[in-house]
Amino acid sequence: MDILKRGINMLFFPKHCCACGRALLKKENHICLPCISSLPYTNTHLEKDNAVERIFWGRLKLEQAFSMLSFQKKGKVQNLMHELKYNGKKELGIVLGDLYGSHLLNHSEFKHIDLIIPVPIHSKKKLLRGYNQSDFIAQGLSERLKIPTTHTSVEKRIHTESQTNKNRFERWENVDSTFKVIEKESIMNKHILLVDDVLTTGSTLEACGKEILNLSGTKLSIATIAVGI
């Protein structure tokens with residue numbers, strides 16, 4: 001009976017790929033296999049002084065910085081980010097985090113990371129959206145890389161406007177001094193991987209990262225699912 005019910009659901013309510021929109025096969029999860037193989041991977045984790053790291057030169061002292069995908073307007077990556085952030089597909093964040101973790105698994109530098117922290121959003125925005133998409137990306141990375149994650153060590157204490165239509169300076173003004181470390185003991189003397197969905201100017205990651213680096217003995221690396229460069 002359960003098999004019949006699942007078959008009926010698949011027939012009348014098929015699940016679709018969040019990247020291209022086609023109906024998913026039985027074993028596909030949020031993203032179809034053709035899209036997984038053809039997404040615009042940056043492979044920045046294989047490059048020293050890569051384009052993602054250069055965004056933060058002179059702004060943050062980083063051990064490393066990577067992004068999995070290249071963001072292109074009206075492309076598959078934009079579709080994925082939209083589904084994750086605005087259409088309630090929070091489980092997609094776990095899938096993307098796990099996918100990225102599989103790419104990073106054999107990267108030697110990740111053996112030195114102690115803790116994964118997703119960039120927090122303000123409680124008002126989280127209440128409105130229902131979740132923080134970066135929490136689920138961090139969960140997927142954590143499960144694949146076997147590195148613990150925390151969602152409570154850093155908070156966003158000021159509710160800021162959307163960054164979407166702001167230039168670089170306006171983005172920095174919008175997020176400066178908005179983050180606060182509230183569980184200092186859990187971060188001190190650790191190598192932190194700060195995780196977010198999309199990297200554009202880097203203003204949000206910079207503001208959050210500076211608060212982490214203010215603590216004694218901390219090291220910082222950054223990983224995002226997509227980068228718009």
Side-chain angles (χ1 to χ4, degrees), residues 3 6-7 9-55 64-111 113 116 118-119 131-147 149 164 193-200 202 205 221-229:
I3 295 175
R6 284 198 300 271
N9 285 336
M10 286 288 290
L11 180 63
F12 293 102
F13 306 102
K15 295 181 180 180
H16 293 87
C17 173
C18 293
C20 71
R22 81 164 181 83
L24 292 173
L25 300 178
K26 184 177 180 180
K27 292 185 178 181
E28 293 175 333
N29 186 14
H30 286 84
I31 311 173
C32 68
L33 291 177
C35 280
I36 288 177
S37 64
S38 64
L39 286 171
Y41 296 101
T42 67
N43 291 318
T44 46
H45 64 290
L46 302 177
E47 303 173 26
K48 183 175 176 59
D49 299 332
N50 62 63
V52 177
E53 291 178 358
R54 291 197 294 270
I55 292 174
Q64 55 203 343
F66 309 129
S67 294
M68 179 170 67
L69 303 171
S70 178
F71 184 93
Q72 299 166 339
K73 288 187 176 181
K74 298 182 180 180
K76 291 181 178 180
V77 178
Q78 184 177 36
N79 293 340
L80 289 171
M81 296 299 98
H82 186 84
E83 291 294 306
L84 169 62
K85 196 168 183 177
Y86 300 112
N87 282 353
K89 301 289 180 65
K90 55 189 179 182
E91 295 85 1
L92 175 60
I94 300 175
V95 172
L96 289 168
D98 178 78
L99 178 62
Y100 201 13
S102 68
H103 288 217
L104 301 173
L105 194 58
N106 295 320
H107 188 64
S108 60
E109 294 298 325
F110 274 83
K111 296 177 182 178
I113 290 174
I116 298 174
V119 171
Y131 60 95
N132 176 9
Q133 68 277 2
S134 295
D135 286 349
F136 293 92
I137 295 169
Q139 180 181 335
L141 279 166
S142 174
E143 292 173 357
R144 174 65 69 166
L145 297 173
K146 309 302 181 187
I147 299 172
T149 184
T164 303
L193 179 64
L194 189 60
V195 172
D196 208 358
D197 55 352
V198 181
L199 167 61
T200 48
L205 286 157
S221 292
I222 283 173
T224 69
I225 295 300
V227 59
I229 54 175

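Keep in mind that the numbers below use all heavy atoms, side chains included, and drop hydrogens, waters and symmetry copies.
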Exercise for the section: Please step through side chain to side chain contact (heavy atoms under 4.5 Å, CB included) for the pair D197 and M81, ending with a clear verdict. Expected result: CA-CA 7 Å; D197 55 352; M81 296 299 98; 4.2 Å; yes
Problem - Candidate pair E83 and H30, rule side chain to side chain contact (heavy atoms under 4.5 Å, CB included), full reasoning - result: CA-CA 10 Å; E83 291 294 306; H30 286 84; over 6 Å; no
Handout entry: Polar side-chain atom of Y131 near backbone of G88 as donor-acceptor pair, under 3.5 Å
Key =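 Looks like yes, one N/O pair under 3.5 Å.
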How close do [X] and [Y] get, counting heavy atoms only, and between which atoms?
{"X": "I225", "Y": "G97", "result": "CD1-N, 4.3 Å"}
{"X": "C32", "Y": "R22", "result": "CB-NH2, 3.4 Å"}
{"X": "I94", "Y": "E143", "result": "CG2-OE1, 4.2 Å"}
{"X": "S38", "Y": "P34", "result": "OG-O, 2.8 Å"}
{"X": "L24", "Y": "N29", "result": "CD1-C, 4.4 Å"}
{"X": "L199", "Y": "I55", "result": "CD2-CD1, 3.8 Å"}

Would you compute the distance between atom [atom1] of [X] and atom [atom2] of [Y] and round it to the nearest 0.5 angstrom?
{"X": "H107", "Y": "L46", "atom1": "NE2", "atom2": "CG", "result": "7.5 Å"}
{"X": "L84", "Y": "N79", "atom1": "CG", "atom2": "CG", "result": "12.5 Å"}
{"X": "I222", "Y": "L205", "atom1": "CD1", "atom2": "CG", "result": "4.5 Å"}
{"X": "L80", "Y": "N87", "atom1": "CG", "atom2": "CG", "result": "11.5 Å"}
{"X": "L99", "Y": "L69", "atom1": "CG", "atom2": "CG", "result": "7.5 Å"}
{"X": "E28", "Y": "C35", "atom1": "CD", "atom2": "SG", "result": "9.0 Å"}

Below 4.5 Å, heavy atoms only, C-beta onward: do [X] and [Y] meet side chain to side chain?
{"X": "T149", "Y": "L193", "result": "no"}
{"X": "L141", "Y": "D98", "result": "no"}
{"X": "E91", "Y": "F136", "result": "no"}
{"X": "L25", "Y": "L33", "result": "no"}

Practice task
Mark yes when over 12 heavy atoms from residues, nucleotides or ligands other than K76 sit less than 6.0 Å from its NZ; otherwise mark no.
Solution key: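 Yes, NZ of K76 has more than 12 neighbouring heavy atoms, counting only those of other groups under 6.0 Å.
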Problem - More than 12 heavy atoms from other groups under 6.0 Å of CG on N43 - result: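 Counting other residues, nucleotides and ligands, CG of N43 exceeds 12 neighbours.
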Exercise for the section: Apply the test side chain to side chain contact (heavy atoms under 4.5 Å, CB included) to residues V198 and K85: give CA-CA distance (whole Å), side-chain angles for both, the deciding distance (0.1 Å), then the verdict. Expected result: CA-CA 10 Å; V198 181; K85 196 168 183 177; over 6 Å; no
Exercise for the section: Kindly indicate, with the supporting measurements, whether the criterion ring pair (Phe, Tyr, Trp, His ring centres under 6.0 Å) is fulfilled by F66 and H103. Expected result: CA-CA 11 Å; F66 309 129; H103 288 217; over 10 Å; no
Practice task
Report the C-alpha distance between T44 and S67 in whole Å, list the side-chain angles of each, state the deciding distance to 0.1 Å, and finish with yes or no for side chain to side chain donor-acceptor pair (under 3.5 Å).
Solution key: CA-CA 6 Å; T44 46; S67 294; 5.5 Å; no
Practice task
Please list, chain by chain and in numerical order, all residues satisfying side chain to side chain contact (heavy atoms under 4.5 Å, CB included) with S134, sequence neighbours excluded.
Solution key: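 Once residues adjacent in sequence are excluded, the partners of S134 under the side chain to side chain contact (heavy atoms under 4.5 Å, CB included) criterion are P118, N132, D196.
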Practice task
Compute whether any side-chain donor of one residue and acceptor of the other, for T42 and S70, lie under 3.5 angstrom apart.
Solution key: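 Distance-only check fails for T42 and S70.
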Problem - Derivation and outcome, side chain to side chain contact (heavy atoms under 4.5 Å, CB included), residues Q64 and E53 - result: CA-CA 7 Å; Q64 55 203 343; E53 291 178 358; 3.9 Å; yes
